[in-house]
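The next block holds one structure in the form of structure tokens; read it before the comments.
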Amino acid sequence: DEKLRTVKELAPISVTCVAGTYLRGRGTFGGVSSAQAFIVGQGYKQVCGDADADGDGITPVETALMDDAEHIILEGIYHTPLGAGDDRPWYGSPGVVERWANAL
């Protein structure tokens, strides 16, 4: 059926998905030291069904990456500028944006 053609067939464009791996979520609470991973994991579970996933603290990597797209996975990158700093860079931090902006 011609109505079921993909967007790639109808408008052949290059798509790049960028994901970060700031924090691996956890499905179990193992004490105060793992509280952040547990809380983040509960958010990941709502999005991709797996609390034990890698992601940027908000979006799991597997959810950020579309099939048939180029993928850029940035190690240690946080989702948002809120709370970002030298020890927690985000996608727009100096030195990070240069790692993905050429895909625009």
Check whether any side-chain N or O of Arg88 sits under 3.5 Å from a backbone N or O of Gly83 as a donor-acceptor pair, and report yes or no.
yes
Please check if the side chain of His71 supplies one atom and the backbone of Met66 the other of a donor-acceptor pair under 3.5 Å.
yes
Validate the cation-pi geometry between Arg26 and Phe38: distance from NZ or CZ to the six-membered ring centre under 6.0 Å, angle to the ring axis within 45°.
no
Verify the cluster assignment for Ile77 and Ile72: are they in a single hydrophobic cluster under the rule of side-chain heavy atoms below 4.5 Å apart?
yes
Do Val18 and Leu104 belong to the same hydrophobic cluster, where Ile, Leu, Val, Met, Phe, Trp and Tyr are linked whenever their side-chain heavy atoms lie under 4.5 Å apart, directly or via other members?
yes
Within a strict 4.5 Å, meaning less than it, do heavy atoms of the Leu74 and Thr21 side chains meet?
no
Heavy-atom closest pair (Cys48 atom, Ala53 atom, distance to 0.1 Å) is SG-CB, 4.2 Å
Any side chain to side chain donor-acceptor pair (under 3.5 Å) pairs touching residues 95-104, not counting sequence neighbours?
none
According to side chain to side chain donor-acceptor pair (under 3.5 Å), does anything in residues 38-59 pair up with another residue at least two apart or in another chain? List the pairs.
Arg24-Asp54, Asp56-His79, Asp56-Tyr91
To which residues is Ile73 joined in a hydrophobic cluster, defined by side-chain heavy-atom contacts under 4.5 Å among Ile, Leu, Val, Met, Phe, Trp and Tyr, whether direct or through other members?
Val61, Leu65
Under a single-linkage rule joining Ile, Leu, Val, Met, Phe, Trp and Tyr whose side-chain heavy atoms are separated by less than 4.5 Å, which residues share a cluster with Leu82?
none
Could you state the interatomic distance from CD (Glu70) to OG (Ser14), rounded to the nearest 0.5 Å?
6.0 Å
